[in-house]
Amino acid sequence: MSSTKSYAAQSATTPLAPWTIDRRAPKPHDVQIEILYCGVCHSDLHTARNEWGMTIYPIVPGHEIVGRVVAVGDHVKKFKAGDLAAIGCLVDSCRECDNCKEGLEQYCTNGWVGTYGGQEKDGSGSTHGGYSKQILCHEDFVLRISDKQPLEGVAPLLCAGITTYSPLKRWNVGKGTKVGVLGLGGLGHMGVKLAVSMGAEVTMLSHTPSKAADAKRLGAHKFVLTSDEAQTKEVANYFDFILDTVSAEHDYNFYLGMLRTNGTMVCVGAPPPAPPLGIFNLIFQRRSLAGSLIGGIPETQEMLDYCAEHNIVSDVEIIAMKDINEAYERMLKGDVRYRFVIDMATL
Ligand code: NAP
Ligand code: ZN
Ligand code: ZN
């Protein structure tokens, strides 16, 4: 066991505050990482405040983790002390079900273990995430990162990057695809960068007028203000694919109407609670509504390598650990350009 400083929420209504976790001693296949940066995902906020009704307290959020390896177990082959390494949203899964064998650990039918708030397979209790000085897990769930990119910009790729990359690949987005990215936040800005890099025509769908210039700078070809009726009419029956990243309650039916025949809207945003669905929005025009959860380990590595090759990182604002509660409030107001990243030297 080793004591590790962290920031935790003790209940849904208390702010995050310093807390000490006992991390296990490295097992033979474990990689132990000193965390340098950790991104702040809206899922951290949903979980800290128990908005999905599943949180076990205390909770140490954070699943966009980059750092340096400080120790490895005797059987570890992929990493050695001193290497850069990253951990995303998963730290374990059964490795035996069909999905695990295919590298789709996030859909493990026996239950995957989340980086925070998950239950360790050995019965040792809850997992604790990246708002902490150190973390360790089995080498199979540790990712390699480039030493040529700024580490703070790489951290958000571990969730915001893979969560948008995975559905774009799955639905074959590329040259000739008309893509709408709904919501310009942490996920949305990665969705725009990635879809543009894949050759798609990308429209930013946002309810914040002041984000229009940023959308263009990020590479979007068009910007549609979703509160402006004339602008939304222009994209009725228009998109092949919409990536919905919105974190708050919104009307899916309205955006389904922007899909052309055979179009698909993939929801990655997970606002509680889900609003009712008008089924004729799907039946007419043979549209599809789908969901997608982060990405498996092989695809996460593929995405990290892709981003290194295409020079893609997240646009970040670095914060100190003590400012996390204020950062959550700003995230709720949409006041982040476009991902907060905690500098763990400040913990
Ligand atoms: P974020 O940075 O806070 O961005 C969310 C964006 O949603 C905002 O920037 C805003 O964009 C839009 N929005 C917010 N409130 C809105 C409202 N009332 N009406 C319309 N639009 C609104 O959050 P994030 O970290 O990108 O996460 C987004 C969602 O994805 C969260 O629900 C999170 O839990 C979920 N998530 C899912 C997965 C997965 O595997 N499926 C993984 C990670 C995160 P505009 O200002 O441009 O409108
Ligand atoms: Zn996340
Ligand atoms: Zn499995």
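These numbers come from the heavy atoms of this one structure, side chains and all, not from hydrogens, waters or symmetry mates. Remember, it's 1-based here, ligands and their atoms both numbered in the order they're listed. Note that the structure is a prediction, hence the values are computed from the model and not measured.
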Within one Ile-Leu-Val-Met-Phe-Trp-Tyr cluster: V72 and V91, side-chain cutoff 4.5 Å
yes
Anything protein N/O/S under 2.8 Å from the Zn ion (ligand 3)? Just list residue and atom, please.
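Less than 2.8 Å away from the Zn ion (ligand 3) sit C94 SG, C97 SG, C100 SG, C108 SG.
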At less than 2.8 Å, would any N/O/S atom of C89, backbone or side chain, sit next to the Zn ion (ligand 2)?
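Of the N, O and S atoms in C89, none lies under 2.8 Å from the Zn ion (ligand 2), which means no.
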Distance check below 2.8 Å: does H42 bring an N, O or S atom to the Zn ion (ligand 2)?
no
Identify the two heavy atoms, one from V76 and one from F79, that lie closest to each other, and give their separation to 0.1 Å.
CG1-O, 3.5 Å
Indicate yes or no: does [X] engage [Y] in a salt bridge with an N to O separation below 4.0 Å.
X: E229; Y: K233; answer: yes
X: R339; Y: E64; answer: yes
X: D140; Y: K77; answer: no

Identify the residue among V179, T264, T203, V181 that makes a side chain to side chain contact (heavy atoms under 4.5 Å, CB included) with F239.
T203
Residue of the set M258, K222, K178 for which side chain to side chain contact (heavy atoms under 4.5 Å, CB included) holds with V235
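The residue from M258, K222, K178 that satisfies side chain to side chain contact (heavy atoms under 4.5 Å, CB included) with V235 turns out to be M258.
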Residue shell around ligand 1, heavy atom under 4.0 angstrom:
C41, H42, S43, H46, W52, C159, T163, G183, L184, G185, G186, L187, S206, H207, T208, K211, T245, V246, S247, A248, V268, G269, A270, S292, L293, I294, M331, R339
Heavy-atom count around R49 CZ within 6.0 Å, excluding the residue itself: above 12?
yes
Do H63 and D44 have side-chain heavy atoms sitting under 4.5 Å apart?
yes
Counting only N and O atoms by type, is there a donor-acceptor contact under 3.5 Å from the side chain of K78 to the main-chain atoms of V142?
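Looks like yes, one N/O pair under 3.5 Å.
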